[in-house]
Amino acid sequence: GTLGIAVIGTGRMGADHVRRIGRTVGGARVVAVADPDGDRVKEVAAGLDGASAHTDPAAAAAAPGVDAVLIASPGPAHEEALLLALARELPVLCEKPLTPDPAGALRVVEAEQRLGRRLIQVGFMRRYDAEYERLKELLDAGGIGRPLFLHCRHRNASSPSFFTSDMLISDSVVHEVDAARWLLGQEVTAVSVVSPRPSGAAPEGLQDPQLVLLETSGGAVVDVEVFVNCGFGYEVRCEAVGESGSARIGDGHAMVVQAGGRWGGEIAQDFTVRFADAYDRQLRRWVAAVAAGRTEGPSAWDGYAAAAVSEAGLTARRTGLRTPVELAERPALYR
Ligand code: ISE
């Protein structure tokens, strides 16, 4: 039958997921929505036939017809929503970050371990981007030899008013942390952060851009330019350099127009556009896995590891020192 989904958080990301579930994913429908903003959540529910509107995430997860939960609330609200989904043994797709901090992530990992089975998938959706998938296939096949570097560029056109210097690492670079762990099959062991004088286009006080350096357990080095007020668009690039070659994704030339003696193309302005297909594929595969009684993709452990690296990154940025990553022992459930 049709999978009933409760969507927790109906802000920009949550609303995008509600639309996506109705539009691109067969076999699923939104049966409950929750958001602290009562007016907003009623407005979103009104557009969904038969969905109930709640301000309490627990009530939404307990609503009739709910088979799975999608968490798209702000990071600090994730832990409570995750624990209540686990308490009801509901499969859950949780937008990144799993939790903003490693301690919270470990509490979630331990709760899932007590259940003895995985129910959580974390929304590191680049793993579902066709270009990232191709790059992983190439690296797994040894196509460029042992990877030595990943040169990453993570650019946003402009940052929201609530964005802080720490969020460049905890909310943006966290994608490269997961991508590096997934592409290389390794852990991140140390983080260093060096920053240029902030761009004049960045809001007063925001340390933007930053250069974040990740060292990995397999001896590779990952550098990430994160620039959230680049002005020209949303651009995510990655070049893998190995012992016998290199491979680059994210050039984004979907179409090159030649006219009037000029050539050019367009640059996406937002991550929901650049990664639209990745979000669609992520959701389709999650719904299919849940319907088949499986949990796959980025796990709560991946969410914990990313939070541990983020925490080291925040320390590195504030101290200017290379900071080792402290990781707990990886439980058998996640091996
Ligand atoms: C946002 O949360 C994302 O997930 C985007 O992919 C990232 O580019 C942006 O900087 C984050 O704030």
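As the structure lists them, so they are numbered: ligands from 1, and atoms in each ligand from 1.
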Does ligand 1 have any atom that is closer than 4.0 Å to a heavy atom of [X]?
X: F163; value: yes
X: H154; value: yes
X: K96; value: yes

(message) Can you tell me which portion of H175 lies within the under-4.0 Å heavy-atom range of ligand 1? Options are side chain, backbone, both, or neither.
(response) side chain

(message) Using a 4.0 Å cut-off to any heavy atom of Y234, which atoms of ligand 1 qualify?
(response) 5 (C), 6 (O), 7 (C), 8 (O)

(message) I'd like to know if the side chain of R118 and the backbone of I120 have a donor-acceptor N/O pair within less than 3.5 Å.
(response) yes

(request) Fit a plane to each ring of W301 and Y304, take the angle between them on a 0 to 90° scale, and name the class: parallel (under 30°), tilted (30 to 60°) or perpendicular (over 60°). (result) tilted

(request) Return the orientation label for the Y132 and F275 ring planes: parallel under 30°, perpendicular over 60°, tilted otherwise. (result) tilted

(message) Can you confirm whether E80 is buried at CD, in the sense that more than 12 heavy atoms of other residues, nucleotides or ligands lie under 6.0 Å from that atom?
(response) no

(request) Just need the protein heavy atom nearest to atom 11 (C) of ligand 1, so name the residue and atom and give the distance. (result) D171 OD2, 3.3 Å

(message) Show, in sequence, the C-alpha distance, side-chain angles and deciding distance for S159 and N229, and conclude whether the side chain to side chain donor-acceptor pair (under 3.5 Å) test is met.
(response) CA-CA 6 Å; S159 57; N229 286 281; 2.9 Å; yes

(message) Apply side-chain contact (heavy atoms from CB on, under 4.5 Å) to residues Q210 and F227 and explain how you reach the verdict.
(response) CA-CA 7 Å; Q210 297 176 27; F227 188 5; over 6 Å; no

(message) Tell me whether N156 has any N or O atom under 3.5 angstrom from an N or O of ligand 1.
(response) yes

